[in-house]
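Below: the structure, in structure tokens.
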Amino acid sequence: MTRGNLRVYLGAAPGVGKTYRMLDEAHRRRDRGADVVVGFVECHGRVMTEAMIDDLEVVPRTRITHRGRSFEEMDLEAVLERRPQVVLVDELAHSNVPGSRNAKRWQDIEALLDAGITVLSTLNIQHLESLNDVVERVTGIRQGETVPDAWVRAAEQIELVDMTPEALRKRLAHGNVYRPEKIDASLGNYFRSGNLSALRELALLWLAGRVEDELESYRSDHGVTDTWETRERVVVALTGGAEGETLLRRAARIARRGRGADLLAVHVARSDGLTGADPALLARQRVLVEHLGGTYHQVLGEDVARSLIAFARGVNATQLVLGASRRGRIARLLSPGIGAATTALSGPIDVHLVTHEHAGTRPPAGRRAALSRRRRLLACAVALLALLIVGFGIVTPASEAFLGSAIALVFATVTVVALVGGMWPALLTSVSGFAVLNFFYTEPYLTFTVASMQSVLALVGFVVVAVSVSVVVDQAARRTREAAQAGAEAQVLATVAGNVLRGSRPLEALMERLRETFSLTSVALLQRRPGFSARPDQRQDRRRWEVVAASGEDHPLSPSEQDTEVPVDDDLTLVLRGRRPEAGDRRIIEVFAVQAAVALRQERLEREAAAARPLAEADRMRTALLSAVSHDLRAPLASAKAAVTSLRSREVDFSEQDREGLLSMADESLDQLTRLVTDLLDMSRLQAGVLGVTARPLQVRESVFSALDQLDGAAADGVRVLVPEELPDAVADPGLLDRVLVNIIGNALKFSPRDRPPEVSASWSGDRIEVLVADHGPGVAEEDRQSMFVPFQRLGDSDNQSGLGLGLALSQGLAEAMGGSLAADSTPGGGLTMRLTLRVPECTQEAAGP
């Protein structure tokens, strides 16, 4: 069965026209002959939206009763049975009423898509999971209904329905969004201009990221390597020198010119012996680029210019920032330099050559560069010129009297050639010099015959010394090249270790870094599935392998699909697709493979530890419970038992006053025992998730006075209640809310001075009501506040007569069970404030914004 398509209309806020646009698309498809039905559309009393639905087929909604109230939801089963081509499902992030087939509406949509039905839906940007905390900081309202970003990104089409903040506020003021009685509250809360501008920017940036993913996928599928300047990406090249900070700040200013531009810093660790970079400077520059909002990258490359261009094209960069050369004039005459070479290769990428205070100065001493082809050619040219001078530059006739001087001159030439070009040019110069000396300076002249034994010895000695010098210089160059390779590998591994240690998912970080370092198409770590053998003829069977981690597009699914394979053990293998690495690079890849196996075991151990943590916590709770019960339950039991035993005794004749005292003691002890047992049972139910909660709208002010009535003593009468009467209803369980308020107000009374009683106040913002219970006592240090909510803990452990230490832990659990929260804060001027947050009904939320 072909899966249906999902089209999402994304908006920055309610009222921008998402539902209207969705209905307009439904009419267009129906007019073209498609079978279109309305599964669920919320009109919010908007006349124009209701008019758009009149001529569309609507699947009747289903009614679900929950906790005595009736709710309407989309009838998923009816839509599946009807099987239209297209169905409209509004408010993608909606949470279904308990008792529905799925907990979330997006899960209902997933079922429709699996059935081959195309779905049109709507979504506000604040309901995306990744932006939930950002939206809360902007608007002050935390959204309780969210949808995973990855699920929305997988939609075939996402259309942004945009409107300027000013236009949206006018729509709201004209009554086109909410009913008239809600307009003023909405304009002053959620629909402020600043809020709407921030939400609009979030929506635009999020959708731009999704479009970028689509573009990268298209470029990869079609093999596009040219730079497409769809978004500014500034790459800055770091050499590890002191000028790096100047380049980074300059590149950051360039990136800031284009809103939303990316900043990437890259260091090419040359395996052929580039002057060594200062690790300390690179580390500081890495921190700086991350502070500037960019990312740090490191690659290996024989040719710095080509490696830079390859990296820039790989990330679709539009601009490349380089520092001015630090080389001297002579070096610039011999070679154009990295800047000129990079510019020549850049193509459509703009190259910025930035001057700095270190330009033209000699770089720090480091390893000698490996002997390149250019240096070998230069050495051959020097040798040819010198031999021509020795052979044909003489004015007087040659004779053996000049042999010593000629040998010295040729030997000096061989030494210079060895230093410039290495062993092979020097050996060639030695042989050529031998021939020139023999031909011009030994008898018989102008022949290759040597008549004098002394001349033979001189020539042979010259050749031996020249060859020795050539070999020594070449070996030194090779050792330098090997040291440079090892240094480059060490830099890459150090960078890998740093990125893995700083990341929360080291295995994925390793795969990504390996692919990036060696410019591979894709990398995958494969593990043989349990129950399958390791026979070589079965390695190409995809069913026998599981992809543990991967990076890149179209990664291999079995070892037979790779270009390079690095086995880790019998069951794990690392497979690479792309260019084949050289022999020297394979050593680093093997280290990556070993580290990937270690990271995989670490992740699995962490998952096992996370699974065992609740068991350990439960065991700790049981131990604490037994320890607490041993005393706290025994004391009231003993008091009640003693009182009852005394009253039943026939040996003592108690007076009426004594009898009344014993009965009172028994009654108080049994009440204390009842409270302790009730708290224990409720805490057990909370931890098991079976506590019964009957939440309904209620007045917070009435609950506060109800709690005060349950508190004994005249001190409760002095509590200042600052809860406004016009405060909207809160959604809570009346009995549980009373218990929470009794506990936190009772604690405030216990620690407040007599002349400064506690204060109870409340306020409303968006979908939350906040109740503050402030005392003016000694307060609690910030580092101790979290432990206040740990079961069986008493602050200071100084009182073993007042219960099990479950009060605040139980109160916090009850608040969360009702959909709220309980936290501690400081009271201005000294003391402790308990902050109780409760939900408001959905109909009230709309008055203050979604």
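This chain uses plain numbering: 1 for the first residue, then up along the sequence.
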Check: Any ion pair linking Glu166 and Lys170 (charged N to carboxylate O, less than 4.0 Å)?
Finding: no
Next item on the list: Please step through side chain to side chain contact (heavy atoms under 4.5 Å, CB included) for the pair Ile109 and Trp151, ending with a clear verdict.
Entry: CA-CA 11 Å; Ile109 294 176; Trp151 191 87; 3.7 Å; yes
Item checked: Euclidean distance, Arg286 CZ relative to His267 NE2, rounded to 0.5 Å -> 10.0 Å
Note to self: Working to the nearest 0.5 angstrom, can you tell me the gap between Leu202 CG and Ser130 OG?
What the structure shows: 9.0 Å
Check: Partners of Arg515 by salt bridge (Lys or Arg N to Asp or Glu O under 4.0 Å), sequence neighbours excluded?
Finding: Glu512
Check: Does any non-hydrogen side-chain atom of Leu264 lie less than 4.5 Å from one of Val234?
Finding: no
Notebook entry, point to check: Quick one: CG on Leu248 to OG1 on Thr246, what's the gap to the nearest 0.5 Å?
Noted result: 9.0 Å
Next item on the list: Start with the C-alpha distance between Leu196 and Arg169, add both sets of side-chain angles, then the distance that settles side chain to side chain contact (heavy atoms under 4.5 Å, CB included), and finish with yes or no.
Entry: CA-CA 9 Å; Leu196 296 176; Arg169 285 172 59 85; 3.8 Å; yes
Next item on the list: Would you verify whether the NZ or CZ of Arg21 falls within 45 degrees of the ring axis of Tyr9 while also being under 6.0 Å from that six-membered ring's centre?
Entry: no
Notebook entry, point to check: Backbone N or O of His127 within a donor-acceptor pair of the Asn124 side chain at under 3.5 Å?
Noted result: no
Check: So, do Gln319 and Ile254 sit near enough that their side-chain heavy atoms are less than 4.5 Å apart?
Finding: yes
Item checked: Sub-4.5 Å side-chain heavy-atom contact between Asn5 and Gln157 -> no
Notebook entry, point to check: Could you go step by step and tell me if Arg249 and Glu245 meet the salt bridge (charged side-chain N to carboxylate O under 4.0 Å, His left out) rule?
Noted result: CA-CA 6 Å; Arg249 291 190 171 91; Glu245 294 188 9; 3.4 Å; yes
Item checked: Chi angles and distances behind the side chain to side chain contact (heavy atoms under 4.5 Å, CB included) call for Asp162, Val16 -> CA-CA 6 Å; Asp162 190 31; Val16 295; over 6 Å; no
Next item on the list: Looking only at non-hydrogen atoms, find the nearest pair between Leu557 and Leu526 and report the distance.
Entry: C-CD1, 4.0 Å
Notebook entry, point to check: When rounded to the nearest 0.5 angstrom, what is the spacing between CE in Met163 and CG in Leu160?
Noted result: 11.5 Å
Next item on the list: Using a strict cut-off of less than 4.0 Å between a Lys/Arg side-chain nitrogen and an Asp/Glu carboxylate oxygen, indicate whether Arg835 and Glu770 qualify as a salt bridge.
Entry: yes
Item checked: Any Pro165 side-chain heavy atom under 4.5 Å of Arg200 side chain -> yes
Next item on the list: Can you see which heavy atom on Pro14 is nearest to which on Leu168, and at what distance?
Entry: O-CD1, 3.7 Å
Next item on the list: Could you grab the distance from atom CG of Leu6 to atom CD1 of Ile158, nearest 0.5 Å is fine?
Entry: 8.0 Å
Notebook entry, point to check: Is the shortest heavy-atom distance from the side chain of Thr295 to the side chain of Val289 under 4.5 Å?
Noted result: no
Next item on the list: Compare every heavy atom of Ala305 with every heavy atom of Ile338, then report the nearest pair and how far apart it is.
Entry: O-CB, 4.3 Å
Note to self: Within the structure provided, determine whether Val147 and Lys104 are in side-chain contact (heavy-atom separation under 4.5 Å).
What the structure shows: no
Next item on the list: Give a yes or no answer on whether the side chain of Asp149 reaches the backbone of Glu129 with a donor-acceptor pair at less than 3.5 Å.
Entry: yes
Check: Trp206 versus Val152: any side-chain heavy-atom pair under 4.5 Å?
Finding: yes
Next item on the list: State whether the side chain of Thr564 and the backbone N or O of Leu576 hold a donor-acceptor pair below 3.5 Å, judged by distance alone.
Entry: no
Checklist line | Distance-minimising heavy-atom pair for Leu514 and Leu520 | finding: O-CD1, 4.1 Å
Next item on the list: Might you point out which heavy atoms bring Leu574 and Val523 nearest each other, and give the distance in Å?
Entry: CD1-CG1, 3.8 Å
Notebook entry, point to check: Just wondering, do Leu320 and Ile309 contact through their side chains at under 4.5 Å, heavy atoms?
Noted result: yes
Next item on the list: Could you tell me the separation between the CE atom of Met22 and the OG1 atom of Thr122, rounded to the nearest 0.5 Å?
Entry: 5.5 Å
Note to self: Could you report the tightest heavy-atom contact between Ile125 and Ala12, atom names first, then the distance?
What the structure shows: CG2-O, 3.6 Å
Next item on the list: Determine, step by step, whether Val547 and Leu525 satisfy the side chain to side chain contact (heavy atoms under 4.5 Å, CB included) criterion, reporting the C-alpha distance in whole Å, the side-chain angles of both residues, the deciding distance to 0.1 Å, and the verdict.
Entry: CA-CA 6 Å; Val547 179; Leu525 182 65; over 6 Å; no
